[in-house]
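Here's the structure we're looking at; comments come further down.
Keep in mind that this is a model prediction, so the values were computed, not measured.
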Amino acid sequence: DPAVAAIADRIPDLIAEVHPAVVQILVSSYGPTSDDPSTLRNEHLGTGSGVIVSSDGYIVTNNHVVQGARRVQVMLAPPRDIGVESTSILKAHGEVLGAQIVGTDMETDLAVIKIYRENLPTLSFANIDEVRQGELVFAIGSPMGLGNSASMGIVSSTARQLNADDTMVFVQTDAAVNPGNSGGPLVDLEGQVVGINSFILTQSGGAEGLSFAIPAHIVESVYTQIKNYGRVRRGTLGIRAQTIHPVMARGLKLEQDWGAIISDVAPGGPGENAGLLRGDIVTTLDDRPIENGRQLLVRVYNKADGSKASLGILRGTRKMTLEATVVERRPDPRQFADRVNPDENAIERLGILAMELDNDIVQMLGGLRDPNGVLVAAILFQIGGLNGGFVPGDVIHQINGRGVGSIDALRASLNQLRRGDPCVVQVERRGQLKYLAFEISD
């Protein structure tokens, strides 16, 4: 078949075109424990993949590739032209450069890093609406640390939701993906990024044809926001929406067995202020039909803080339209762990990684009763005898009644204490003040 032959001839050229924009990422880090992603363990070395998306050095990868990193390096693809005619099938290693973490997003498992180099090769994002089930795709990256690798498969599903109420959907493929491929691109026959390879489902630990990539439109949105703002801003109406299924509809005696039902409304939030009630079915958002809970939440995510949302509501048999004001959603406190370095931010006597407050962090926390203090970004280990323990997002205001407004002040207060001395830490947690008390053990 001439068409098949043409595709076969195209593949080697495609891989050669794509490879220069795909990098290997080398990470030295403190990684999260398996049971608690906010508690860090000892240093380890890891590798992953990434894709250059701007010629001035911005690279997209997975958050889990760089999470807790002490140092991030990027190995560029080997040079295509070394100045002489090459006769070896083995290629030279690419240049290794230091990289800076620009920002991360735990919710989508994406991160943006930057190297300081100009005129780099890049890949562009595919239009996810044009990606079809069954089309050929290629996973490019560094599986098991083997850089400059490629595997081929098809799109098994253009939108796979692993759990009914998950906000994330993935491009599923049967292209072989292994540890080290994480963060690398899944590309189509045009060399455009269909998604960022993120994880596999496996019983054996190897590739079993169940690989999942974060779709291009999500990657592009997260990349753009992190590049512009250093973080991802998401809107919320202070409600929880779930997808209606037939059993739910029968049990609640709903008028329809599909769509999105409001299962919770936060007291004092924009949803309550607009008149939304638990049990309301949302039929439209800004005159666009709503088919499931995820669709509603994602469309609200993308709306700006202070913008208006018009919701079509079915309450029993009564139809109505309510208008709510979108507010920026508070971040997951665990995301602060991605902003700290154990070498610089460790407070060993408290077993935490700390950050100093600035206006941006105070705003992200939703305002503080006392704007002076130090943020608990992550937990290194739990202190014995500490009632309740620290949690990410705590703000430390005092040590034994003395205010601490900086990391240096916090360390100075702790350094004055000796073994056996009492240490009473005043923290602000979700708007409430709390004492944590223990005796210094070293």
Between Phe138 and Val18, is the side chain to side chain contact (heavy atoms under 4.5 Å, CB included) condition met? List the steps. CA-CA 10 Å; Phe138 305 85; Val18 167; over 6 Å; no

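- With respect to Ile52, the side chain to side chain contact (heavy atoms under 4.5 Å, CB included) criterion is satisfied by exactly one of Leu123, Thr122, Val60, Val22: Thr122.
- Taking all atoms of both residues into account, the shortest heavy-atom contact from Glu135 to Glu130 is OE1-O, 3.9 Å.
- Counting all heavy atoms, side chain and backbone alike, Ser182 lies closest to Val65 at O-CG2, 3.7 Å.
- Within the model, atoms CG of Asn62 and OG1 of Thr104 stand 11.5 Å from one another, a figure rounded to the nearest 0.5 Å.
- Taking 4.5 Å as the limit, every side-chain heavy atom of Leu357 sits out of range of all side-chain heavy atoms of Val374.
- Shown here are the salt bridge (Lys or Arg N to Asp or Glu O under 4.0 Å) partners of Arg117, two or more places apart in sequence or in another chain: Glu95.
- In terms of heavy atoms, Gly141 sits closest to Ser49 at CA-OG, 3.4 Å.
- A salt bridge links Asp286 with Lys303; the closest basic N to acidic carboxylate O contact falls under 4.0 Å.
- Between the side chain of Ser413 and the main chain of Ala409, a donor-acceptor pair closer than 3.5 Å is present.
- In this structure, NE2 in His19 is found 9.5 Å from CG in Leu14, a value given to the nearest 0.5 Å.
- Judged purely by atom type and a 3.5 angstrom limit, Thr243 uses its side chain to pair as donor or acceptor with the backbone of Gly293.
- Pro143 is not listed as a side-chain neighbour of Val177, based on a closest heavy-atom distance of 4.5 Å or more.
- Annotation: ring-ring contact (aromatic ring centres under 6.0 Å, His included) contacts of Phe170 (sequence neighbours excluded): Phe199.
- Inspection of the Asp408 and Ser406 side chains reveals no N or O donor paired with an N or O acceptor under 3.5 Å.
- The 12-atom threshold is exceeded at CG of Asn127, counting heavy atoms of other residues, nucleotides or ligands nearer than 6.0 Å.
- If you take CG on Leu110 and CD1 on Ile196, they are separated by 7.0 Å, rounding to the nearest 0.5 Å.
- Residues satisfying the salt bridge (Lys or Arg N to Asp or Glu O under 4.0 Å) test with Asp257, not counting sequence neighbours, are none.
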Under the criterion side chain to side chain contact (heavy atoms under 4.5 Å, CB included), I'd like the reasoning laid out for Asp109 against Met168: C-alpha separation, chi angles, the key distance, then a yes or no. CA-CA 10 Å; Asp109 191 26; Met168 280 293 293; over 6 Å; no

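- Asn273 pairs by the side-chain hydrogen bond (donor to acceptor under 3.5 Å, both in side chains) definition with nothing, not counting sequence neighbours.
- Looking at heavy atoms from C-beta onward, Val194 lies out of side-chain contact with Thr173 at the 4.5 angstrom threshold.
- The CG atom of Asn400 sits 9.0 Å away from the CG atom of Leu414 when rounded to the nearest 0.5 Å.
- Glu428 is linked by a side-chain hydrogen bond (donor to acceptor under 3.5 Å, both in side chains) to His397, counting only residues two or more places apart in sequence or in another chain.
- Two residues are said to be in side-chain contact when any heavy atoms from C-beta on lie closer than 4.5 Å; Asp305 and Val327 meet this criterion.
- With a 4.5 Å cut-off on side-chain heavy atoms, Gln256 and Ile281 count as touching.
- Ser55 places no side-chain N or O within 3.5 Å of a backbone atom of Glu118 that could act as its donor or acceptor partner.
- In Asn415, the CG atom is crowded: over 12 heavy atoms of neighbouring residues, nucleotides or ligands sit closer than 6.0 Å.
- Considering CG of Leu410 and CZ of Arg402, their distance stands at 11.5 Å, rounded to 0.5 Å.
- Between Val53 and Lys227 the shortest side-chain heavy-atom distance does not fall below 4.5 Å.
- Nearest approach of Ile128 to Ala216, heavy atoms of both residues: CD1-N, 4.1 Å.
- Take Arg278 and apply the side-chain hydrogen bond (donor to acceptor under 3.5 Å, both in side chains) test, not counting sequence neighbours, and it matches no residue.
- Gln100 pairs by the side-chain contact (heavy atoms from CB on, under 4.5 Å) definition with Tyr116, not counting sequence neighbours.
- Residues forming a side-chain contact (heavy atoms from CB on, under 4.5 Å) with Asn372 (at least two apart in sequence, or on another chain): Asp370.
- No side-chain donor-acceptor contact under 3.5 Å links Gln426 to the backbone of Leu433.
- Residues passing the side-chain hydrogen bond (donor to acceptor under 3.5 Å, both in side chains) test with Asp394, sequence neighbours excluded: Arg429.
- For the side chain to side chain contact (heavy atoms under 4.5 Å, CB included) criterion with Ile352, the lone passing option out of Asn345, Ile396, Leu380 is Ile396.
- If you take CG on Leu97 and CE on Met75, they are separated by 10.5 Å, rounding to the nearest 0.5 Å.
- Proximity of a side-chain donor or acceptor of Asp105 to a complementary backbone N or O of Asn63 within less than 3.5 Å is not detected.
- Heavy-atom minimum distance, Leu120 versus Gly57: CD1-CA, 3.6 Å.
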Tell me, with the steps shown, if Ile244 and Leu252 meet side chain to side chain contact (heavy atoms under 4.5 Å, CB included). CA-CA 10 Å; Ile244 300 170; Leu252 296 177; over 6 Å; no

For a quick test of your reading: what N or O donor-acceptor pairs under 3.5 Å do the side chains of residues 183-190 make, sequence neighbours left out?
residue: Asp188; atom: OD1; partner: Glu190; partner atom: N; Å: 2.9
residue: Asp188; atom: OD1; partner: Gly191; partner atom: N; Å: 3.1
residue: Asp188; atom: OD1; partner: Gln192; partner atom: N; Å: 2.9

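- Nearest heavy-atom pair across Pro270 and Gly238 is CG-N, 4.1 Å.
- Without hydrogens or angle criteria, Ser211 side chain to Ile200 main chain gives no donor-acceptor distance under 3.5 Å.
- Side-chain atoms of Ser157 never come within 3.5 Å of backbone atoms of Gln172 as a donor-acceptor pair (strictly under, hydrogens ignored).
- Asp264 places no side-chain N or O within donor-acceptor distance of the main-chain N or O of Ile239, the cut-off being under 3.5 Å.
- Residues satisfying the side-chain contact (heavy atoms from CB on, under 4.5 Å) criterion with Lys308, sequence neighbours excluded, are Glu323, Thr325.
- When side chains are defined from C-beta on, Thr317 counts as touching Glu255, because their heavy atoms get closer than 4.5 Å.
- Residues passing the side-chain contact (heavy atoms from CB on, under 4.5 Å) test with Ile154, sequence neighbours excluded: Leu136, Asp174.
- Between Ile261 and Leu254 there is a side-chain heavy-atom pair separated by less than 4.5 Å.
- Ser151 places a side-chain N or O within donor-acceptor distance of the main-chain N or O of Ala176, the cut-off being under 3.5 Å.
- The closest donor-acceptor contact from the side chain of Arg349 to the backbone of Leu417 lies under 3.5 Å.
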